[in-house]
2 protein chains.
Amino acid sequence: MEPLEAYPITYGILGLLALWGPLSGYDLKHISDQILAPMWGVVQSQVYKELRRMKELGWVDMEREEQELRPDRKVYSITEKGYTALQSWQAQPPDVFQIRDELLLKVLFGTFASPGDLDRNLRNSIVEHEMRLLTYQQNGLSLSGKGTFRHDNKRPNPYSDASQEDPYLGLITRFAIEFEKMYLRWLYEALEMVEPRQEQAAGGES
Amino acid sequence: MEPLEAYPITYGILGLLALWGPLSGYDLKHISDQILAPMWGVVQSQVYKELRRMKELGWVDMEREEQELRPDRKVYSITEKGYTALQSWQAQPPDVFQIRDELLLKVLFGTFASPGDLDRNLRNSIVEHEMRLLTYQQNGLSLSGKGTFRHDNKRPNPYSDASQEDPYLGLITRFAIEFEKMYLRWLYEALEMVEPRQEQAAGGES
DNA sequence: CGGGACATGTAACGCGTTACATGATTAA
DNA sequence: TTAATCATGTAACGCGTTACATGTCCCG
């Protein structure tokens, strides 16, 4: 009854399991926020949906890990079939590329904003993206060099040893950082244009 | 029964009507592809949905324009209420910002790609974004300076005279161009990393 | 005589989101 | 006692997508 199909985010979760070994839905949500955020945001309930889907597809196995003090963890790991799926996904051309950015929309129709509105939205956006940039820069530091994510005890499937010195994560981090820098440069430019008056403003960084 | 609510793309279409005067659903789809594409992609059927929604909200008026040779055009124009809606939307903080990019996902999990797959996907992506960049650069030329979009006959609502010398469109075009340039720089970097061998290229690996 | 542009729409579907539900532990 | 963290899920909803439907004109 449920569609036996996979979507980009299905492979996103699957890939996390492949690289960072057996994980619970809870773990996966948190890792997603750190790793997948710049290319595909996920909400918690969707992680569970994808896990159920992949369970049915036979791409993951589930093992109940009992805990006395906390609720049981359901720990998922990728199967042989899962690796095959990941691999054949890599052979297809990607077909989703989209940006949805309400701020850009508001800037485009800035003529219709009341005085101060656009200005305020731009400033808040600057704060938001400045924070994102910091996060990615810190992620970049803590994630490069060695596969971090303390689950030191669990030794996953031999395949995922790649995580020890995977260069792709660094590439993605670099993308995220360059994107945020570019976005910020543009935001400052936009702000200047929207409100050229007020303060001598001796430029931020460069 | 249908939700009397508006979403970012609702305002996107509304803004197009505000700036470029009375337009049909068909026109709106084509203008969207040129103007809104970098910040919010739209498919045709959705344009009609939004028009229906806005009709119910009283944000737009519809006028049937009969044509002898072709099917009738239903021409929509923004109402007073529509302008008010646009304005109060500008006062809210934006709440959607997302990127969904399957290529980035494939790069992140590049370890699981068979030889050549990642390479091919990167090369195709370069072609795609190189074309986008060209499009935006040409749009920038034809759209800046004067409000183009030949509907020279129709004189829309006085409000929309802003389109004659609107600086915001230029700002958005600049964003789109800078984004594509950054993306392309990154793609070339990624390609080099994925395939350092082949061609004399100077200083491959160690 | 087929294909593209012009022109408008509907039907079906599910991903992604929001909100709800539960309940223990720990720290301010 | 209030809130955060740990932990797992379900229900409802609609935007956004894909595919379908219809028909004319124009060009090669």
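In the text below, chain A, chain B and the rest are named by the order of the sequence lines, each starting its count at 1.
dT17(D) atom P lies 12 Å from atom CG of Asp33(B), rounded to whole Å. Regarding Tyr7(B), its OH atom lies at a distance of 11 Å from the C1' atom of dT18(C), rounded to whole Å. Across the protein-nucleic acid pair, Glu5(A) atom CD and dC15(C) atom C1' stand 11 Å apart, rounded to whole Å. With rounding to whole Å, Leu51(B) atom CG is found 14 Å from dC15(D) atom P. Atom CG of Asp27(B) and atom C1' of dC6(C) are 10 Å apart (whole Å). In this structure, the CZ atom of Arg52(B) is 14 Å from the P atom of dG14(D), given to the nearest Å. At whole-Å resolution of the value, CG in Asp95(B) and P in dC15(D) are 14 Å apart. In this structure, the CG atom of Leu28(B) is 13 Å from the C1' atom of dT8(C), given to the nearest Å.
When distances run from any side-chain atom of Ile9(B) to the nucleotides dT10(D), dG16(D), dT17(C), the shortest one goes to dG16(D). Of the candidate nucleotides dT17(D), dG16(D), dG16(C), dG16(D) has the atom nearest to the side chain of Trp40(B). Looking at the side chain of Val43(A), the nearest of the listed nucleotides dT10(C), dT18(C), dT8(D) is dT18(C). If you check dC6(D), dT17(D), dT8(C) against the side chain of Arg73(B), the one that comes closest is dT8(C). Among the nucleotides dT8(C), dA7(D), dG16(C), the one closest to any side-chain atom of Glu50(A) is dG16(C). Among the nucleotides dG16(D), dA7(D), dC15(C), the one closest to the side chain of Tyr26(A) is dA7(D).
Applying the 4.0 Å criterion to OP1 and OP2 of dT8(D), one finds that Arg64(A) has every side-chain N and O outside that range. Contact annotation: Arg53(B) side-chain N/O to dC15(D) OP1/OP2 distance is under 4.0 Å. Distances shorter than 4.0 Å separate none of the side-chain N or O atoms of Arg100(B) from OP1 or OP2 on dC15(C). Put simply, Gln46(A) has no side-chain N or O that comes within less than 4.0 Å of OP1 or OP2 on dC15(C).
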Should Tyr76(A) and Trp59(A) be marked as a ring pair (Phe, Tyr, Trp, His ring centres under 6.0 Å) after you check the CA-CA gap, both sets of side-chain angles, and the distance that decides it?
-> CA-CA 10 Å; Tyr76(A) 294 84; Trp59(A) 294 0; over 10 Å; no
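At a threshold of 4.0 Å, the pair Arg174(A)-Glu189(B) counts as salt-bridged, since one of the basic side-chain nitrogens sits closer than that to a carboxylate oxygen. A salt bridge between Glu128(A) and Arg132(A) is present, with a side-chain N of the basic residue lying under 4.0 Å from a carboxylate O of the acidic one. A salt bridge links Arg53(B) with Glu50(B): at least one charged nitrogen is closer than 4.0 Å to a carboxylate oxygen. Salt bridge status for Arg73(B) with Asp27(B): present, with a side-chain N to carboxylate O gap under 4.0 Å.
Mapping Lys49(B) and Gly25(B) onto DNA chain C via the closest heavy atom, the residue that lands nearer the 5' end is Gly25(B).
Taking 3.5 Å as the limit, the base of dT18(C) and the side chain of Ser45(A) contain a donor-acceptor pair of atoms between them. Side-chain N/O atoms of Gln44(A) and base N/O atoms of dT8(D) include a donor-acceptor pair closer than 3.5 Å.
When the side chain to side chain donor-acceptor pair (under 3.5 Å) test is applied to Tyr183(B), the partners found at least two apart in sequence or on another chain are Asp101(B).
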